Participant: 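This is the structure, below, for whatever I ask next.
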There are 2 protein chains.
Amino acid sequence: MKRKLTLKDIARELEVSISTVSKALKNSEEIGRDTTEKVQAFAKLYNYRPNNIALSLKNKRTKNIGVVIPDIVHYFFTTVFRGIEKYSNLKGYNVIVCVSDEAFDKEVINTELLANGSIDGFIMSLSAETQSKMDFHHLLEITEQGIPLVLFDRVDDHVTCDKVILNDKEIAYQAVKKFLGNRRKNIALITTESYFNVSVKRAEGYEEALIEAGIPVRRELRLTLPYRDVNENEMRQFFSAAKVDAVLCVNEIFAVQCMAVVQKMGMKIPDDIEFIGFTDGMLSKYSNPTLTTVAQHGERMGEIAAEMLIERIETEIGEEKPFRTEIIEGTIVERGSTVN
Amino acid sequence: MKRKLTLKDIARELEVSISTVSKALKNSEEIGRDTTEKVQAFAKLYNYRPNNIALSLKNKRTKNIGVVIPDIVHYFFTTVFRGIEKYSNLKGYNVIVCVSDEAFDKEVINTELLANGSIDGFIMSLSAETQSKMDFHHLLEITEQGIPLVLFDRVDDHVTCDKVILNDKEIAYQAVKKFLGNRRKNIALITTESYFNVSVKRAEGYEEALIEAGIPVRRELRLTLPYRDVNENEMRQFFSAAKVDAVLCVNEIFAVQCMAVVQKMGMKIPDDIEFIGFTDGMLSKYSNPTLTTVAQHGERMGEIAAEMLIERIETEIGEEKPFRTEIIEGTIVERGSTVN
DNA sequence: TATCAACACGAAACCGTTTTCGTAACCTTT
DNA sequence: AAAGGTTACGAAAACGGTTTCGTGTTGATA
């Protein structure tokens, strides 16, 4: 087991000072040709690599980005993460991921831990509990310390920072317009039980489209489901009670599960009933029928978030730019669950 | 923007020395009661938190774990990651994730970067390219430096380190036995084009079960597909050419795609043809029919990997324990694609 | 009253870098 | 030969902690 080589080791071996070694390795003009060559040859031979931690301490920048997301086993977050990782890596940054597991406390603990020097900036999406509690003190602490923060998807107006979001309301509006164009009248909305800004926005778009078309928004056409462990019976009851000919779901799991239920009940998709979901993940592509869905362009979202963050990190303090909110346009990917 | 408080700040403010502050904060007996209380009160009031980087430099341990995986938008890796993250977090470690994107170079660059002090140990799964190149010099470098390494799932015998793997051969064997028990004779294997140790093991189990049953292993019953962007035509041809009544797929995507194809061709699942896949992800649960699949218990795998790694990290050097290979037993989850 | 331990604290080294500044030694110039 | 300018390098501070060791003050003991 060979221990890591340090500048000190090289200095001792070559009988020069540490500073000389350091300068020689960076081709400083201060150092003579012979010495420089000697040092570089030695360093190369023994594969010297500077210690990242020491560099971080000295430079006060870690080249690490902290990513805090509610869940990792989740297609959308996964794709966003991929975008973040790709862009960050390109720019020489590493990514530390913490999963809040939709819990406020974990989110707080994780951010506070990372904020103590481990990272140069944060990219986050709020946990369900944080959104419902409306407690953002941990984020305030971060920004007050001057640590750059970018929020994506699950954001909140109470937090002032850069943001990347989907045009949720608008794209939900368009989805419903699509149903309306297909002469659907009884359009249901299936959304999450817990409070998510995105669900709210999507509901707004849904309602706006209906109202615009002169169709009343009916309470019995809205089903709220728990985020996990959905009970099929609830769906069955819902579809038995109300006559529904189109369904907008705020995620793809709800959609796929509902499609299975209504098919068991004897309805034909998309003839009797149409479906549009959100996410455009694996399930949408391989479900039966395939699901028409709103692509959220997670990877691009991640890239942009990373780009915004790194720009903040690398911009000199003093030239404060105003915070931006970047809006990604969703795309409706037409598949078998709608008539196109 | 309030700058981070340091020991020096507190020392200056309270007119004591830095060392006194440091000791007082750790309740050292060396320090008098009054001073200790004064310091702690001040630290609490101004929310002092030690700088992680400084601690890392001093302690020569970062409390970071490096995770290098081929892909993150991939159910199995995602679940393993969740296990790693959970356990690590519990033990006070953070996780730095790098995605090799199945590319050798990215894997090498990422590991070398992290190895320079950023992390205390690695958990990795080899990229496709690394497995086919059989070049493990970067892993050797890591272990030679005394950095603990745990490999999971995509492992190789040429690398000596702790490992966590599935009983791939055995569970594939059992899957085929299940087909045989259902009187299936024409059992196909659908596997990956590129070389993966796991695919090979699964193929071995497949063959062993057939041979044991006195059924010849037929070349035309094996289909190899590219890891991404599978062409449906290839599947269609395969199923037209050979009479197949059961299919073992090394992942769930292949299985779900094949099920769609054979259904389009008019076959009934599971009556005419049965399917078993690997992974037990979202697709298996929500496909039509639902897919009988080998649960790989990724989360548990991740937890165990993290446990092994952290034990190595925290064990004193000197008391070298031999390397272990932990074998996770897969479970066949019976669903609609087999007759049970 | 001289001695000595206990107490409470500070100085300084250390982790591995970078960077500023100081300075010998040599070279050039007049 | 004195003055000034290069050249090539080393010492030391700094980043923010921890820890070892030294030391002045106090109180107890002989």
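All of these numbers come straight from a predicted model, not from anything done at the bench. Chain letters run A, B, ... following the sequence lines, proteins first and then strands; every chain starts at 1.
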Participant: Whole angstrom is fine here: how far is it from CD in B/E15 over to P in C/dC9?
Facilitator: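 The distance from CD of B/E15 to P of C/dC9 comes to 14 Å, rounded to the nearest Å.
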
Participant: Report the distance from atom NZ of A/K60 to atom C1' of D/dG17, rounded to the nearest whole Å.
Facilitator: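 Going from NZ in A/K60 over to C1' in D/dG17 covers 12 Å.
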
Participant: Before accepting this row, confirm whether a basic side-chain N of the pair B/K91/B/E314 lies closer than 4.0 Å to the acidic partner's carboxylate O.
Facilitator: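 No, no charged N to carboxylate O under 4.0 Å.
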
Participant: Taking NZ, NE, NH1 and NH2 as the nitrogens, is one of them in B/R154 or B/E102 under 4.0 Å from a carboxylate oxygen of the other?
Facilitator: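 Yes, B/R154 and B/E102 are salt-bridged.
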
Participant: Just how far, in rounded Å, is P of C/dG16 from NZ of A/K4?
Facilitator: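 In whole Å, C/dG16 P lies 12 Å from A/K4 NZ.
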
Participant: Quick check for you: to the nearest 0.5 Å, what is the distance between B/D120 atom CG and B/S56 atom OG?
Facilitator: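 Result: 7.5 Å between the selected atoms.
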
Participant: So does B/D71 pair up with A/R82, basic N to acidic O under 4.0 Å?
Facilitator: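 Answer for the salt bridge query: yes.
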
Participant: For A/N51 and C/dT17, what is the distance between atoms CG and C1' respectively, to the nearest whole Å?
Facilitator: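 Distance, rounded to whole Å: 8 Å.
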
Participant: What is the separation between atom CZ on B/R49 and atom P on D/dG16, rounded to the nearest whole Å?
Facilitator: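 Between P of D/dG16 and CZ of B/R49: 17 Å.
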
Participant: Can you tell me if A/K8 touches the phosphate of C/dC14, counting only side-chain N or O atoms and a distance under 4.0 Å to OP1 or OP2?
Facilitator: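 So the side chain of A/K8 is outside the cut-off, no N or O lying under 4.0 Å from OP1 or OP2 of C/dC14.
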
Participant: Look at B/D162 together with B/R312 and state whether they make a salt bridge at an N to O cut-off of under 4.0 Å.
Facilitator: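 Between B/R312 and B/D162 there is a salt bridge, with a charged N closer than 4.0 Å to a carboxylate O.
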
Participant: For a quick check of understanding: with a heavy-atom distance under 4.0 Å over all strands, which category does B/L5 fall into, base, sugar-phosphate or nothing?
Facilitator: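 Sugar-phosphate contact only - B/L5 comes under 4.0 Å of backbone atoms but never of a base.
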
Participant: For A/L57 and B/I31, take the nucleotide of DNA chain C holding the closest heavy atom to each; which residue's nucleotide lies nearer the 5' end?
Facilitator: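 Going by which nucleotide is closer to the 5' end, it is B/I31.
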
Participant: Would you mind reading off the distance between B/E29 atom CD and C/dC9 atom P, rounded to a whole angstrom?
Facilitator: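 Whole-Å distance recorded here is 14 Å.
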
Participant: Over how many whole Å does the gap from A/R12 atom CZ to C/dT17 atom P extend?
Facilitator: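 Nearest whole value for this atom pair: 13 Å.
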
Participant: D/dC15 C1' sits how many Å from A/I53 CD1, rounded?
Facilitator: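 My rounded result for the distance is 13 Å.
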
Participant: Taking five pairs at each end of the helix from C/dT1-D/dA30 to C/dT30-D/dA1, what angle separates the two helix axes (nearest 10°)?
Facilitator: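 Overall, the helix from C/dT1-D/dA30 to C/dT30-D/dA1 bends by 80° from one end axis to the other.
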
Participant: State plainly whether the residues A/D9 and A/K4 are in salt-bridge range, i.e. N to O under 4.0 Å.
Facilitator: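 Salt bridge between A/D9 and A/K4, a charged N being under 4.0 Å from a carboxylate O: no.
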
Participant: Tell me yes or no: between the side chains of B/D153 and B/S125, is some donor less than 3.5 Å from an acceptor?
Facilitator: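 No, no side-chain donor-acceptor contact under 3.5 Å.
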
Participant: Which atom names give the shortest non-hydrogen contact between B/L139 and B/M124, and what distance separates them?
Facilitator: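 Where B/L139 meets B/M124 most closely, the heavy atoms are CD2-SD, 3.6 Å.
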
Participant: Once salt bridge (Lys or Arg N to Asp or Glu O under 4.0 Å) is applied, do any residues pair with A/E37, and if so which ones, sequence neighbours excluded?
Facilitator: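 A/E37: salt bridge (Lys or Arg N to Asp or Glu O under 4.0 Å) contacts with A/R33.
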
Participant: Answer with base, sugar-phosphate or nothing: what part of the nucleic acid does A/T35 contact at a heavy-atom distance below 4.0 Å?
Facilitator: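 Sugar-phosphate, no base atom in range.
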
Participant: Please produce a list of atom pairs where a protein N or O lies less than 3.5 Å from an N or O of nucleotides 18-20 of chain C.
Facilitator:
residue : atom : partner : partner atom : Å
C/dT18  : OP1  : A/K26   : NZ           : 3.0
C/dT18  : OP2  : A/S22   : OG           : 2.7
C/dT18  : O2   : A/K58   : NZ           : 3.2
C/dT20  : O4   : A/K23   : NZ           : 3.1

